[in-house]
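These notes concern the structure reproduced below.
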Amino acid sequence: MKIAVLPGDGIGTEIVAEALRVLEALDLSFETETALVGGAAYEAHGHPLPESTLKLAKEADAVLFGAVGDWKYDKLERSLRPEQAILGLRKNLGLFANFRPAICYEQLVDASSLKPELIAGLDILIIRELTGDIYFGQPRGRRTAVDGHFPGADEAFDTMRYSRPEVERIAHVAFQAARKRNKRVTSVDKANVLETFQFWKDIVTEVGKEYPDVELDHMYVDNAAMQLVKAPKKFDVVVTGNMFGDILSDEAAMLTGSIGMLPSASLNSSNQGLYEPSHGSAPDIAGKGVANPLATILSAAMMLRFSLNQPEAADRIESAVKHVLAQGLRTADIWSAGTTKVGTREMGDAVVAAITKKTITG
Ligand code: IPM
Ligand code: MG
């Protein structure tokens, strides 16, 4: 087993270091190789996704990714910005299926900005299509408008598009995931306005016929955004396009108390995957040792489960995380009165200790 480790920028290096220590504590045999990505790679090699990094990612069984980005790169031309690294990896590895589970751990009900009764016991799964939609649709660019409200003016444009196979395969992923859960899929679209999403809705409905045991409903994205904060527990699996999924998954993160708790998995058709926290590089707190490493640690658990075929090891990480939360340990983002505030390293230490202890006692 080979894991490509791409810590990236900002808090990426701190949180990935903790996830690696947790993986090492499991005593599994795997090889890791670390490479630069994002702004760090731009500084060293002049490109956010150097050929060597991409090659390593392609050859590995799984990629453990931190985060990329920093405001200081905002002025660079788009193709050199750190975000292009993650978009390039998704595209080049064909990572079309993005899993973003939003689970509210019992101990964190008070960390959320929502009322405890709305989120206690929450366990939903957002499945975001990750290689299509307006994120990758061509053509895109800037030009002089020939029509529209202001002919002759400068304008910018992107293209929202989905092909039938792209929608079919993500729909299958969603229905299959729902079969292992509460057997409900909500497909989120904007079919009332967008041709692309009427098409999406039609195809998801067709695919749904192959899964008569799974209940399917459809929701417009604006309503879904509202329902997510109104009655989030009504959802089981939410499947949606790349852009709506980007937005709704950040919203869902707040239901769990903090985006610092949200892991993710991005898989291709051969179950090769990239695992990253759903949050960004947080340059404002980088280097301070205060970032929450749990989303990355939980992403490592997803990696063991989905790409490395080690479900027991994944369970051990997840129970260790529950254990440290039950001990009352909290990084600043999930801290509340009566709990113990710890830094990134101490949180990692506590998870490692919980795992090691379990090993000794069997
Ligand atoms: C995410 C991030 C990325 C996205 C950015 C960093 C390109 O927000 O993974 O949700 O928009 O997909
Ligand atoms: Mg996002």
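Both backbone and side-chain heavy atoms feed into the values below; hydrogens, waters and symmetry mates do not.
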To check you understand the geometry: which heavy-atom pair defines the closest contact between [X] and [Y], and what is its length?
X	Y	value
Gly38	Ala85	N-CB, 3.8 Å
Gln227	Phe235	CB-CZ, 3.7 Å
Arg179	Glu210	NH2-O, 3.9 Å
Ser79	His47	O-NE2, 4.1 Å

Using distance alone, with no hydrogens and no angle criterion, decide if [X] and [Y] have a side-chain donor and acceptor under 3.5 Å apart.
X	Y	result
Glu129	Tyr162	yes
Tyr135	Asp246	yes
Tyr275	Thr296	no

Looking at side-chain heavy atoms only, is the closest gap between [X] and [Y] below 4.5 Å?
X	Y	value
Ile334	Asn292	yes
Leu6	Thr53	yes
Pro101	Pro263	yes
Gln310	Arg316	no
Thr186	Val239	no
Leu64	Leu23	yes
Leu216	His218	yes
Leu87	Leu49	no

Do other residues, nucleotides or ligands put more than 12 heavy atoms under 6.0 Å from [X] [atom1]?
X	atom1	value
Arg161	CZ	no
Glu215	CD	no
Asp154	CG	no

Practice prompt. Verify side-chain contact (heavy atoms from CB on, under 4.5 Å) between Arg81 and Tyr42, making sure each step is shown before the conclusion.
Written response: CA-CA 8 Å; Arg81 288 193 209 161; Tyr42 172 75; over 6 Å; no
Could you grab the distance from atom [atom1] of [X] to atom [atom2] of [Y], nearest 0.5 Å is fine?
X	Y	atom1	atom2	value
Thr131	Lys91	OG1	NZ	9.5 Å
Phe244	Ile134	CZ	CD1	9.0 Å
Thr159	Gln138	OG1	CD	7.0 Å
Leu122	Lys233	CG	NZ	7.5 Å
Phe175	Lys209	CZ	NZ	10.0 Å

Worksheet item: Does one hydrophobic cluster hold both Leu114 and Met226, with members joined at side-chain heavy-atom distances below 4.5 Å?
Response: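 In one cluster: no.
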Discussion item. Do Ile247 and Leu255 land in one hydrophobic cluster if side-chain heavy atoms of ILVMFWY residues count as linked below 4.5 Å?
Written reply: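 Yes, because Ile247 and Leu255 connect within a single hydrophobic cluster, where side-chain heavy atoms sit under 4.5 Å apart.
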Fill in: ring-ring contact (aromatic ring centres under 6.0 Å, His included) partners for His172, two or more places apart
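His172 satisfies ring-ring contact (aromatic ring centres under 6.0 Å, His included) with Tyr211 once adjacent residues are dropped.
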Worksheet item: Given Asn98 and Ser249, is the side-chain contact (heavy atoms from CB on, under 4.5 Å) satisfied, shown in steps?
Response: CA-CA 10 Å; Asn98 182 219; Ser249 62; 5.8 Å; no
Item to complete: Applying ring pair (Phe, Tyr, Trp, His ring centres under 6.0 Å), run through Tyr220 and Phe197 and close with a yes or a no.
Response: CA-CA 10 Å; Tyr220 297 141; Phe197 275 90; over 10 Å; no
Discussion item. Pair Phe30, Met303 - check side-chain contact (heavy atoms from CB on, under 4.5 Å), show working.
Written reply: CA-CA 12 Å; Phe30 57 82; Met303 172 173 83; over 6 Å; no
